[in-house]
Amino acid sequence: MSHNRTRRQFLTQIAGVGAGMLGALGCHQASQTQTQAIATTMPERILGKTGERLPILGLGGGGKTPLSWPNAEDKAAQLVEKAISLGIRYFDTAASYGPSEAHLGKILPPHRRNIFLATKTAARDRDGAWRDLETSLQRLGTDYLDLWQLHHVSYESQLEQIFSAKGAIQAIEEAKAQKIIRLAGITGHHEPAIIAEGMRRYAFDTILIPINAADKHHPRPFLTVLPLAQQQNIGVIAMKVPAYGRLFKPGVLAGMPEALGYTMSQPGVHCCIIAAEDVAQLESNAIAAAAFQPLNPMQLQNIEARTAGVWQDNTFFRAWT
């Protein structure tokens with residue numbers, strides 16, 4: 001009962017932000033009171049066997065965001081500072097995301113104890129992965145990572161290299177033993193069978209995969225990975241939730257509440273990372289996350305019906321390798 005009262009109070013407090021904010025299209029920044037309301041009511045879930053409790057929304061550091069743009073240090077700083085004030089604690093980046101790690105490294109160090117910091121390496125060999133790790137730590141201004149991930153693993157040949165005697169998995173094992181990384185993960189947005197095979201070969205702590213309302217209709221949807229992840233109690237982090245905003249085209253989804261609602265209503269999904277182009281978009285994403293309630297089967301079916309005819313446009317990232 002008290003939980004419901006808190007949620008109603010939250011919705012009342014953010015009512016003045018307007019429908020535009022809820023649709024991820026708003027242009028007004030939330031007041032300090034509204035920001036505090038968002039921060040205190042963001043749902044949290046435990047990230048699988050890691051035991052880590054995180055808000056369901058994390059900030060993505062790649063793609064359409066100032067975090068990955070050159071010469072955008074001020075905008076990147078504003079975004080990160082606002083994310084912290086909104087109660088976001090999970091920050092995602094990668095060694096290959098341009099200046100993203102460096103941008104985060106200018107803001108996050110004073111907050112290090114209170115955040116969950118994740119980055120990635122695209123190297124498949126041990127030495128290359130170690131070089132990426134050392135560079136990432138320097139850029140991020142930290143001496144450890146909460147999560148280090150093998151980035152966009154797409155092919156069987158990459159798995160063979162990763163798990164070879166001189167493969168990147170050796171760097172993961174060594175970095176864990178030295179307590180430079182706490183957790184290890186694998187990511188991919190090309191082929192779910194490759195991620196599943198990686199999970200069978202190694203006891204990863206997390207996976208980062210696309211889970212959105214359009215990928216459901218792909219001939220090989222990433223939703224098929226979730227049962228194995230649940231069986232192994234692996235933390236599941238969703239990405240490509242709004243498909244870079246393409247899901248918000250007329251006649252498809254009515255904004256972030258539906259996009260995030262669909263993703264976070266899938267069994268076994270623990271949190272998601274979404275990039276933001278500016279502070280207003282970040283705030284509207286956070287509002288959608290804070291107001292999240294699991295969708296019922298009828299609501300999920302309705303969303304799936306609206307994405308059935310546009311799944312190819314909204315799964316463009318499957319071609320990225």
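This structure is a prediction, so every number in the text was calculated from the model and none was measured.
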S.K.: Taking side chain to side chain donor-acceptor pair (under 3.5 Å) as the definition, give me every residue that meets it alongside Ser100, ordered by chain and number, with sequence neighbours left out.
M.R.: Thr93
S.K.: Run the salt-bridge test on Arg200 and Glu197 with the 4.0 Å N-O cut-off and return the result as yes or no.
M.R.: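 Between Glu197 and Arg200 there is a salt bridge, with a charged N closer than 4.0 Å to a carboxylate O.
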S.K.: Determine, for Glu160 against Arg201, whether the closest basic-nitrogen to carboxylate-oxygen distance falls under 4.0 angstrom.
M.R.: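 Counted as a salt bridge, because a side-chain N and a carboxylate O are separated by less than 4.0 Å.
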S.K.: If the condition is side chain to side chain donor-acceptor pair (under 3.5 Å), which residues does Gln158 pass it with, not counting sequence neighbours?
M.R.: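 Side chain to side chain donor-acceptor pair (under 3.5 Å) list for Gln158, sorted by chain: empty.
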S.K.: Suppose we screen for ring pair (Phe, Tyr, Trp, His ring centres under 6.0 Å). Which residues come up paired with Phe116, at least two apart in sequence or across chains?
M.R.: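 By the ring pair (Phe, Tyr, Trp, His ring centres under 6.0 Å) rule, Phe116 matches Tyr90.
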S.K.: Is any side-chain N of the basic residue among Asp146 and Arg89 closer than 4.0 Å to the acidic one's carboxylate O?
M.R.: no
S.K.: Please determine if Lys120 and Asp92 form a salt bridge, counting it only when a charged side-chain N lies under 4.0 Å from a carboxylate O.
M.R.: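 Salt bridge between Lys120 and Asp92, a charged N being under 4.0 Å from a carboxylate O: yes.
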S.K.: Side-chain polar contacts of residues 234-243 - donor-acceptor pairs under 3.5 angstrom, sequence neighbours left out - could you list them?
M.R.:
none

S.K.: Does any pair with a residue in residues 170-201 pass ring-ring contact (aromatic ring centres under 6.0 Å, His included), and if so which ones, sequence neighbours excluded?
M.R.: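 Matches after skipping sequence neighbours: Tyr155-His190, His189-Trp320.
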S.K.: Less than 3.5 Å apart, which donor and acceptor atoms pair up between the side chains of residues 244-255 and the rest of the protein, not counting sequence neighbours?
M.R.:
residue, atom, partner, partner atom, Å
Arg246, NH1, Asp313, O, 3.1
Arg246, NH1, Asp313, OD1, 3.0
Lys249, NZ, Asp313, OD2, 3.1

S.K.: Are side-chain heavy atoms of Thr50 and Leu147 found at a separation under 4.5 Å?
M.R.: no
S.K.: For Asp205, is there an ion pair with Arg182 - N to carboxylate O distance below 4.0 angstrom?
M.R.: no
S.K.: Ring centres under 6.0 Å, that's the criterion: do His151 and Tyr97 meet it?
M.R.: yes
S.K.: To the nearest 0.5 Å, how far apart are CG in Leu57 and CZ in Phe292?
M.R.: 12.0 Å
S.K.: Whether the side chain of Ser68 engages the backbone of Gly63 through a donor-acceptor N/O pair (distance < 3.5 Å, no angle test) should be reported.
M.R.: yes
